[in-house]
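Remarks on the structure that follows.
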Amino acid sequence: KDDVVAVPASAGYHPPVEQVVPAPGMRVKARFDKDQYYHGTIVSVVEKDGDSANSSSKGKKKKKKSVRITINYDDGSSEETVFPDPDISLVMPGKCCKCPRGDNH
């Protein structure tokens, strides 16, 4: 029997990207400069197949899944990009930053 432990998002745990699928309405944090981050909301997600990659020594190929997402940023700008992207992180529900508003945006 496996023990299951719930870890609140506020504890700082973030599941691996492979386990979290972006969906419309999810919040993101995008890095634009070395230490400059902007928050936004995913407004659309379109699945697409990525390039094949060798997954074992038997020569089997496994397709990497990626999705095309459209993000509306809080400053009014928008962007369409492929996810996963090393500069874009999904933000777990709850307080995402120490902004003056202090809400769950």
Side-chain angles (χ1 to χ4, degrees):
K1 182 178 174 182
D2 293 331
D3 290 328
V4 177
V5 177
V7 179
S10 62
Y13 170 76
H14 297 288
V17 171
E18 304 85 41
Q19 294 179 1
V20 180
V21 179
M26 292 180 101
R27 298 286 295 166
V28 297
K29 176 173 76 170
R31 181 176 57 208
F32 279 88
D33 291 321
K34 183 178 178 184
D35 293 322
Q36 186 80 34
Y37 291 89
Y38 292 93
H39 290 85
T41 303
I42 297 174
V43 293
S44 72
V45 178
V46 177
E47 290 188 29
K48 64 181 226 161
D49 291 330
D51 297 328
S52 295
N54 287 329
S55 61
S56 71
S57 59
K58 295 180 181 180
K60 289 184 180 180
K61 297 211 175 201
K62 181 180 178 183
K63 286 192 172 187
K64 291 182 180 179
K65 289 286 186 179
S66 61
V67 293
R68 182 160 291 282
I69 61 174
T70 302
I71 303 167
N72 283 352
Y73 290 100
D74 296 346
D75 67 0
S77 63
S78 64
E79 172 185 28
E80 187 175 304
T81 187
V82 175
F83 187 88
D85 179 314
D87 292 325
I88 298 176
S89 303
L90 298 176
V91 176
M92 301 305 284
K95 292 186 179 183
C96 65
C97 61
K98 296 177 182 178
C99 68
R101 291 182 356 197
D103 58 8
N104 297 334
H105 66 275

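When reading the values below, keep in mind they use all heavy atoms of this one structure, side chains included, and skip hydrogens, waters and symmetry mates.
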Applying the 4.5 Å side-chain criterion to the ILVMFWY set and letting contacts propagate, would V82 and F32 be lumped into a single cluster?
no
Output all residues satisfying side-chain contact (heavy atoms from CB on, under 4.5 Å) with D87, sequence neighbours left out; order by chain, then residue number.
R31, D85
Looking only at non-hydrogen atoms, find the nearest pair between S44 and P24 and report the distance.
CA-CG, 4.3 Å
Just so I know, are the side chains of F83 and I42 near enough to count as touching, which here means a heavy-atom distance under 4.5 Å?
no
In this structure, CE of M26 is separated from CG of L90 (nearest 0.5 Å) by 5.0 Å
Using side-chain contact (heavy atoms from CB on, under 4.5 Å) as the criterion, list what pairs up with D75, not counting sequence neighbours.
Y38, Y73, S77
Which atom of V91 lies closest to which atom of V28, heavy atoms considered
CG2-C, 3.6 Å
Taking only residues two or more places apart in sequence, or in another chain, which ones meet E79 in a salt bridge (charged side-chain N to carboxylate O under 4.0 Å, His left out)?
none
Set of side-chain hydrogen bond (donor to acceptor under 3.5 Å, both in side chains) partners for T41, sequence neighbours left out
R27
Mind checking the CD1-NZ spacing from I88 to K29? Nearest 0.5 Å is all I need.
12.5 Å
With sequence neighbours excluded, tell me which residues meet ring-ring contact (aromatic ring centres under 6.0 Å, His included) with Y37.
none
Quick one: list whatever passes side-chain contact (heavy atoms from CB on, under 4.5 Å) with V43, sequence neighbours left out.
T70, N72
